[in-house]
Amino acid sequence: MFTDVIDLDEFYRSPLGHVARRIIRRRIRAIWPDVRGMAVLGLGHATPYLLPFRNEAERVLAIAPAAQGVIPWPNGGPGQVALAYESELPLPDLCVDRLLLVHAVESSEQLRAMMREAWRVLKGNGRMLVVAPNRSSVWARSERTPFGHGHPYTNGQIRRLLRDSMFTPGETRRALYLPPINRRLVVKAAPAMERIGDLMFQTFAGVLLVEATKQVYAASPGKAIARRRFVVLPGGAEPAAGGAVRRDAD
């Protein structure tokens, strides 16, 4: 079950949420250092992590699942976020170079269908990055953060999901070694905790980041199905039916 967008927004506005976003952003950027001329898509609640790509990629779009709700993004500019069913993405085949899944695989009740859609829209030479809560971490056990909701994964489980969905998993990265506590001392110590965690405590990282490539020799998608209508939310748009809408800050 997806976490409501209002709860997601409140977390990312908190001091702990700011630190988590900054840490995970750096890991994502290290994996994808150059997206010039590419089409980048975020699925789930990926907008906190897409901002660094906006001035570099040719196109950046976010799709929020209908069961989660959506917040207009970015603030003060043309809308780049849509509300849709994760099992029926309103996009043509082979149109995305980089696909980022955040707050998606652990929450979707239509996981297989969502992964099939991810395979369909990703280009043959495209890459997908899954960010998911680590089952071994304290983050997966804390309901104070969105990483403590839904189904957490081990590294083996994510890789098995990717292989079963016709992707080839690559290297696994890890992030978030600080405890999920909104305390100033903990937040300030986050950089040091990340360095130490990478060296000594990788098993207990809060999130796993697994990049995957598409198996182009896999079976092609089945016959086309009727796509549901979706709503693109430009800055200043009225609330869309089927999900909560609030204004967001970059």
Side-chain angles (χ1 to χ4, degrees), residues 1-18 20-21 24-25 28 40-51 53-54 59-91 96 99-118 121 128-133 139-140 142-153 180 182 207 226-250:
M1 182 175 179
F2 284 100
T3 303
D4 188 89
V5 69
I6 302 301
D7 296 326
L8 290 165
D9 184 53
E10 288 180 355
F11 169 72
Y12 282 109
R13 290 177 182 274
S14 71
L16 183 62
H18 278 287
R21 174 172 56 189
I24 297 172
R25 261 187 191 173
I28 293 172
V40 179
L41 171 66
L43 179 59
H45 188 67
T47 52
Y49 304 101
L50 292 176
L51 191 61
F53 300 125
R54 286 189 61 217
R59 291 186 302 277
V60 176
L61 175 68
I63 293 181
Q68 171 190 283
V70 68
I71 292 174
W73 178 85
N75 187 36
Q80 293 175 258
V81 62
L83 187 70
Y85 292 93
E86 73 271 21
S87 59
E88 299 178 11
L89 300 182
L91 297 170
V96 174
L99 175 54
L100 176 64
L101 273 65
V102 186
H103 302 303
V105 297
E106 70 268 29
S107 302
S108 178
E109 296 179 357
Q110 302 183 70
L111 181 58
R112 297 295 175 180
M114 181 182 72
M115 298 300 288
R116 187 65 168 176
E117 282 291 272
V121 302
M128 180 173 72
L129 182 60
V130 176
V131 180
W139 286 78
S142 173
E143 295 185 358
R144 292 189 294 259
T145 85
F147 296 105
H149 296 263
H151 177 77
Y153 287 82
N182 249 322
V207 297
R227 302 283 169 196
R228 288 190 176 96
R229 295 170 62 188
F230 69 102
V231 179
V232 177
L233 297 169
E238 292 298 319
V245 176
R246 282 178 47 187
R247 297 194 177 281
D248 191 18
D250 286 347

* Minimum side-chain heavy-atom gap V5-V70 below 4.5 Å -> no

* Structure fact -> For S107, the side chain to side chain contact (heavy atoms under 4.5 Å, CB included) test, sequence neighbours excluded, returns F2

* May I ask you to test the V207-W139 pair for a side-chain heavy-atom distance under 4.5 Å? => no

* Can you tell me if Q68 uses its side chain to pair, donor with acceptor, with the backbone of G44 under 3.5 Å? -> yes

* Minimum heavy-atom distance between G150 and P152, given as atom pair plus value -> O-CD, 3.3 Å

* **Side-chain heavy-atom pair I71, L8 within 4.5 angstrom cut-off** => no

* Any P180 side-chain heavy atom under 4.5 Å of L16 side chain -> yes

* Asked: Would you call M114 and L43 a side-chain contact if the rule is heavy atoms closer than 4.5 Å?
  -> yes

* **S108 (side chain) donor-acceptor with V105 (main chain) under 3.5 angstrom** => no

* Structure fact -> Sorted by chain and residue number, the ring-ring contact (aromatic ring centres under 6.0 Å, His included) partners of Y12 (sequence neighbours excluded) come out as H45, Y49, H103

* Indicate yes or no: at least one non-hydrogen side-chain atom of I63 is less than 4.5 angstrom from one of L41. => yes

* Expected output: side-chain E86 to main-chain P65 donor-acceptor under 3.5 Å -> no

* Is the shortest heavy-atom distance from the side chain of L91 to the side chain of E117 under 4.5 Å? -> no

* Asked: Is M128 close to V96 at the side-chain level, that is, under 4.5 Å between some pair of heavy atoms?
  -> no

* Structure fact -> Minimal heavy-atom distance between S87 and Q110, with the atoms involved, is OG-OE1, 3.1 Å

